Amino acid sequence: MNARRDFLQKLTLGLGLTAMSDYSFGSVANMQEPTAERPLRVALMGLGGYANIVAKGMQECKMAVITGLISGTPSKLKSWQEKYNVPEQNTYSYETMHRIKDNPDIDLVYVITPNSLHHKHVLQVAATGKHVLCEKPLADNAQQAREMISACEKAGVKLYVGYRLHFEPHTREVIRMREEGAFGKIMHVNNYMGFTIGDPTQWRLKKALAGGGALMDVGVYSLNAARYCTGEEPIWVTAQESKTDPVKFREVDETITFQLGFPSGIIANCGCTYNFGHSERLHLMGTKGWAEMVPAFGYGPIKGNTHLGPIDQPKVNHQTYQMDGIAACILNNEPDPNVTGQEGLKDMIVIDAIYESIKKGGQKIVINA
Ligand code: NDP
């Protein structure tokens, strides 16, 4: 077992309800060693592919630790319990998870289930009075996202979305440079994210569980990046869908291109696909310079260049940084970064408009946020 995790887990499980309230962990920016009495105690919900990556990344966390598990598969609960040293009384099925409200060992539940279950699962977690981190896309549509935000506000808990790149140093550096004017006025953005999807029977190709196709899954990266590359919110959208395999992609979108119009007058040209690889890039162009990241959105290492030279930032584990970053926000009461439920909602509003434009033959859809 990892020594840091062992230490954090002993500390947190031993302290339970009596844990200290004086949290003073370092911020994600400087990633100092924790100085408080305990880390953020996290229950993972949905022990699938991405939960495995998160759990592995969390072994290096300085401020967050896995203390609970929620799964519909009893054998996974057993093996994960042993692997991550989680006590049996902190393991739940979807049917028993409401009991988390009585468990002082859990501060936050991380929802890592298929997209169309996020709405239901976030409402269930909010009802337990625990904070929620929900994977992307936040919901199937903006209406669901609003209901999730409202439920968390009423319950007095925080809602975050799993936008790990907002903690990733190369991405943060591009945002910092843009905010400081290094690129001048941003004139154009061109982002693309996609991959070739395999198994035709997987939930990502079923609308009832995925909500949509490439746009929901990876288009959200191109879109979210267009917002952080410009620092503006889109006011209109046009979009087109292309489908070369109507059998595999019978229920969901295969490839979508979309254009976002911003208040300053510039247009971002973005896209996403489930049907070709090597398509992961961010490109912003300003009056004074440019930035390009290839790859830009996967788990890394992210690589980037600007007109001033390569983006020289450390290669980090995205999941470690994300979880320590969210822990810092909650435990230190630091200002929330761009990963709140509201940020997820902003993208869902645009995604709704993209689908509406496609349905209307590429018509321009004005966005009323
Ligand atoms: P997986 O299919 O690998 O895992 C999903 C898990 O959800 C399952 O293993 C299962 O766990 C649980 N589950 C509950 N109900 C269902 C159901 N009806 N059908 C299928 N699974 C169910 O998916 P991923 O882990 O790849 O994706 C999960 C979420 O994470 C998605 O929203 C995805 O967009 C997001 N994601 C985010 C990434 C990022 O970089 N931020 C990367 C990859 C995914 P159990 O058996 O324990 O109940």
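Every number for a ligand or one of its atoms is a count from 1 in the order of the listing. Excluded from the calculations below are hydrogen atoms, water molecules and symmetry mates; all remaining heavy atoms, backbone and side chain alike, are included. All figures in this text were calculated on a predicted structure; none of them were measured in a lab.
- Checked by atom type, the side-chain pair Y274/D217 shows a donor-acceptor distance below 3.5 Å.
- The ligand atoms of ligand 1 that sit less than 4.0 angstrom from a heavy atom of N115 are 31 (C), 32 (O), 33 (C), 34 (O).
- Each of the atoms 45 (P), 46 (O), 47 (O), 48 (O) of ligand 1 lies under 4.0 Å from some heavy atom of S71.
- Between the side chains of Q124 and H98, no donor N or O sits under 3.5 Å from an acceptor N or O.
- In this structure, the protein non-hydrogen atom closest to atom 25 (O) of ligand 1 is Y50 N, 2.8 Å.
- Residue contacts with ligand 1 do not include Y163, since none of its heavy atoms lies under 4.0 Å from the ligand.
- Among all non-hydrogen protein atoms, the one lying nearest atom 4 (O) of ligand 1 is G48 CA, 3.3 Å.
- The nearest heavy-atom contact from the protein to atom 2 (O) of ligand 1 is W203 NE1, 2.7 Å.
- In terms of polar-atom proximity, defined here as any N/O pair under 3.5 Å, P114 makes no such contact with ligand 1.
- If you check each of R204, H318, Q202, K206 against atom 24 (P) of ligand 1, the one with the closest non-hydrogen atom is R204.
- Each of the following atoms of ligand 1 lies closer than 4.0 Å to a heavy atom of H118: 32 (O).
- Listed by number with element, the atoms of ligand 1 under 4.0 Å from a non-hydrogen atom of G72 are 45 (P), 47 (O), 48 (O).
- The option with the heavy atom closest to atom 16 (C) of ligand 1, from among L117, V111, I112, L47, is L117.
- Between the side chain of T196 and the backbone N or O of G277, at least one donor-acceptor pair lies under 3.5 Å.
- Judged by distance alone, the side chains of Q319 and Y50 do bring a donor and an acceptor atom under 3.5 Å apart.
- Looking at atom 29 (C) of ligand 1, its nearest protein heavy atom turns out to be T113 O, 3.3 Å.
- Judged by distance alone, the side chain of R172 and the main-chain N or O of H166 form a donor-acceptor pair under 3.5 Å.
- In terms of protein heavy-atom proximity, atom 37 (C) of ligand 1 is nearest to E135 OE1, 3.1 Å.
- For D336 against C329, the heavy-atom pair with the smallest separation is OD1-CB, 3.9 Å.
- Remark: the backbone N or O of A214 is paired with a side-chain donor or acceptor of D253 at under 3.5 angstrom.
- At under 3.5 Å, a nitrogen or oxygen of G49, whether backbone or side chain, sits near a nitrogen or oxygen of ligand 1.
- With a 4.5 Å cut-off on side-chain heavy atoms, P295 and R281 do not count as touching.
- For the 3.5 Å distance criterion, the side chains of Q240 and Q259 qualify, holding a donor opposite an acceptor.
- If you number the atoms of ligand 1 from 1 as listed, the ones under 4.0 Å from a heavy atom of R164 come out as 39 (C), 40 (O), 41 (N).
- When only non-hydrogen protein atoms are considered, atom 9 (O) of ligand 1 lies nearest to K76 NZ, 3.0 Å.
- Looking at heavy atoms from C-beta onward, E292 lies out of side-chain contact with L282 at the 4.5 angstrom threshold.
- The protein heavy-atom contact nearest to atom 12 (C) of ligand 1 is Y94 OH, 3.4 Å.
- Between the side chains of D347 and N224, at least one donor-acceptor pair of N or O atoms lies under 3.5 Å.
- Looking at ligand 1, you won't find any N or O of H121 less than 3.5 Å from one of its N or O atoms.
- Listed by number with element, the atoms of ligand 1 under 4.0 Å from a non-hydrogen atom of Y221 are 39 (C), 40 (O), 41 (N).
- Close approach of ligand 1 to G162 is summarised as follows: ligand atoms under 4.0 Å from at least one heavy atom of the residue are 41 (N).
- Taking atom 34 (O) of ligand 1 as the reference point, the nearest protein heavy-atom neighbour is K136 O, 2.8 Å.
- Considering backbone and side-chain atoms together, Q319 places no N or O closer than 3.5 Å to any N or O of ligand 1.
- For the residue pair E334 / N332, a side-chain donor-acceptor distance below 3.5 Å is found, with atom types taken as modelled.
- Under the 3.5 Å distance criterion, with hydrogens and angles disregarded, no donor-acceptor pair is assigned to the side chains of T273 and E254.
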